[in-house]
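Everything below concerns the one structure shown next.
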2 protein chains.
Amino acid sequence: MDIKQTTSAFAALSQPTRLEALRILIKSGTSGMLAGDLADLMEVRQNTMSANLSVLLQAGLVRNEREGRSIRYFADFEGLRGVLAFLMEDCCGGSPEKCQPLIDEITCAC
Amino acid sequence: MDIKQTTSAFAALSQPTRLEALRILIKSGTSGMLAGDLADLMEVRQNTMSANLSVLLQAGLVRNEREGRSIRYFADFEGLRGVLAFLMEDCCGGSPEKCQPLIDEITCAC
DNA sequence: TCCATATATCATGAATAATTGATATATTGG
DNA sequence: CCAATATATCAATTATTCATGATATATGGA
């Protein structure tokens, strides 16, 4: 993971449609969602959603699988991990006590 | 934390100078860094760094304190927490087993 | 093979953002 | 109060990004 990949990922997340799409895919977990269903759910046009999913794909934040005529998209948790890890690298070096609340918040009840 | 704040934060992180600056401030923890020292360290001009710090400030990712003639900047861990929490909200809903590696990576050795 | 469905790509115009030189503001020391 | 230092703001140019309409590609069913 380098700075170029990471800025590309954050750029992908800096647009409301893409951020919401990824959040939905994160919630959807292993089930993912069909591109068209996501467009319908979010009430955006087909080509807009396609373009936005393509940006998320290039950024390594989602992956996809063809499923008949449709294409199913999934959050790429590995990609997410890399981006967040790069950002927070050595966060404890200067102030360990600052890190715990952040971790607690990210940490979900699984 | 809403989608507007979050996209603004990610937009702030989508630019190499700002991402690096925040990473340095994250590593610096409670010591933070003076704006000028950060500009020198990163070899960017004074006004460019000032503009970029201002974007990070508006995004709630850093805070600052005047210190004599200088201004000291710090990573805002509370802001970071909010952004990451919003992104990962309900990540376990669909697939709890996917979350742990991500949390492990973020979790530092403090 | 032909048609319908699902998604992707292309071209374009409108809006946003980035860097830079110049200048302004704020603080300190003399 | 004046000069020096540290940072912020302004104006302008250039470069990116976005949504959109139109079109292309790919798959499945008849």
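Every chain is numbered from 1, with letters handed out A, B, ... down the list of sequences. This structure is a prediction, so every number in the text was calculated from the model and none was measured. Because only heavy atoms are used, hydrogens play no part in the values below, and waters and symmetry mates are left out as well, while side chains stay in.
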Name all residues meeting the side chain to side chain contact (heavy atoms under 4.5 Å, CB included) criterion together with B:Ala35; count only those two or more places apart in sequence or in a different chain, and write none if there are none. B:Leu53, B:Tyr73
Looking at residues 9-19 of chain B, who's got a heavy atom less than 4.0 Å off DNA chain C? B:Gln15, B:Arg18
According to side chain to side chain contact (heavy atoms under 4.5 Å, CB included), who are the partners of A:Ile3, at least two apart in sequence or on a separate chain? A:Thr7, A:Phe86, B:Leu19, B:Glu20
Protein heavy-atom contacts under 4.0 Å, written 5' to 3' over nucleotides 25-30 of chain D as B (base), S (sugar-phosphate only) or - (none), form the string --BBS-
Those residues at least two apart in sequence (or on a different chain) that pass ring pair (Phe, Tyr, Trp, His ring centres under 6.0 Å) with B:Phe10 are A:Phe10
Pair A:Leu13, B:Thr6 - check side chain to side chain contact (heavy atoms under 4.5 Å, CB included), show working. CA-CA 9 Å; A:Leu13 295 175; B:Thr6 309; over 6 Å; no
Where do B:Ala59 and B:Ala9 come nearest, in terms of heavy atoms and distance? CB-CA, 3.8 Å
Could you report the tightest heavy-atom contact between A:Leu56 and A:Ala12, atom names first, then the distance? CD2-CB, 4.0 Å
Going by the salt bridge (Lys or Arg N to Asp or Glu O under 4.0 Å) test, which pairs reach into residues 37-46 of chain B, not counting sequence neighbours? none
A:Ala39: which residues meet the side chain to side chain contact (heavy atoms under 4.5 Å, CB included) condition with it, sequence neighbours left out? A:Val44, A:Met49
Summary of salt bridge (Lys or Arg N to Asp or Glu O under 4.0 Å) pairs that have at least one residue in residues 65-75 of chain B, sequence neighbours excluded: B:Arg63-B:Glu65, B:Glu67-B:Arg72
At the 4.0 Å heavy-atom cut-off to chain B, mark where contacts on DNA chain C begin and end, going 5' to 3'. C:dA18 to C:dG29
For residues 49-62 of chain A, the side chain to side chain donor-acceptor pair (under 3.5 Å) pairs (sequence neighbours left out) are A:Arg18-A:Asn52
CD of B:Gln46 to CG of B:Leu38: how many Å apart, nearest 0.5 Å? 12.0 Å
Shortest non-hydrogen contact from A:Ser28 to A:Met33? OG-CG, 3.7 Å
Quick check for you: to the nearest 0.5 Å, what is the distance between A:Glu89 atom CD and A:Met1 atom CE? 11.0 Å
Determine, step by step, whether B:Leu57 and B:Asp76 satisfy the side chain to side chain contact (heavy atoms under 4.5 Å, CB included) criterion, reporting the C-alpha distance in whole Å, the side-chain angles of both residues, the deciding distance to 0.1 Å, and the verdict. CA-CA 9 Å; B:Leu57 198 60; B:Asp76 184 334; over 6 Å; no
Let me check the geometry of the helix from C:dT1-D:dA30 to C:dG30-D:dC1. What is the bend angle between the axes at its two ends, five pairs each, to 10°? 30°
Contacts to DNA chain C from residues 40-51 of chain B, heavy-atom cutoff under 4.0 Å, which residues? B:Arg45, B:Asn47, B:Thr48
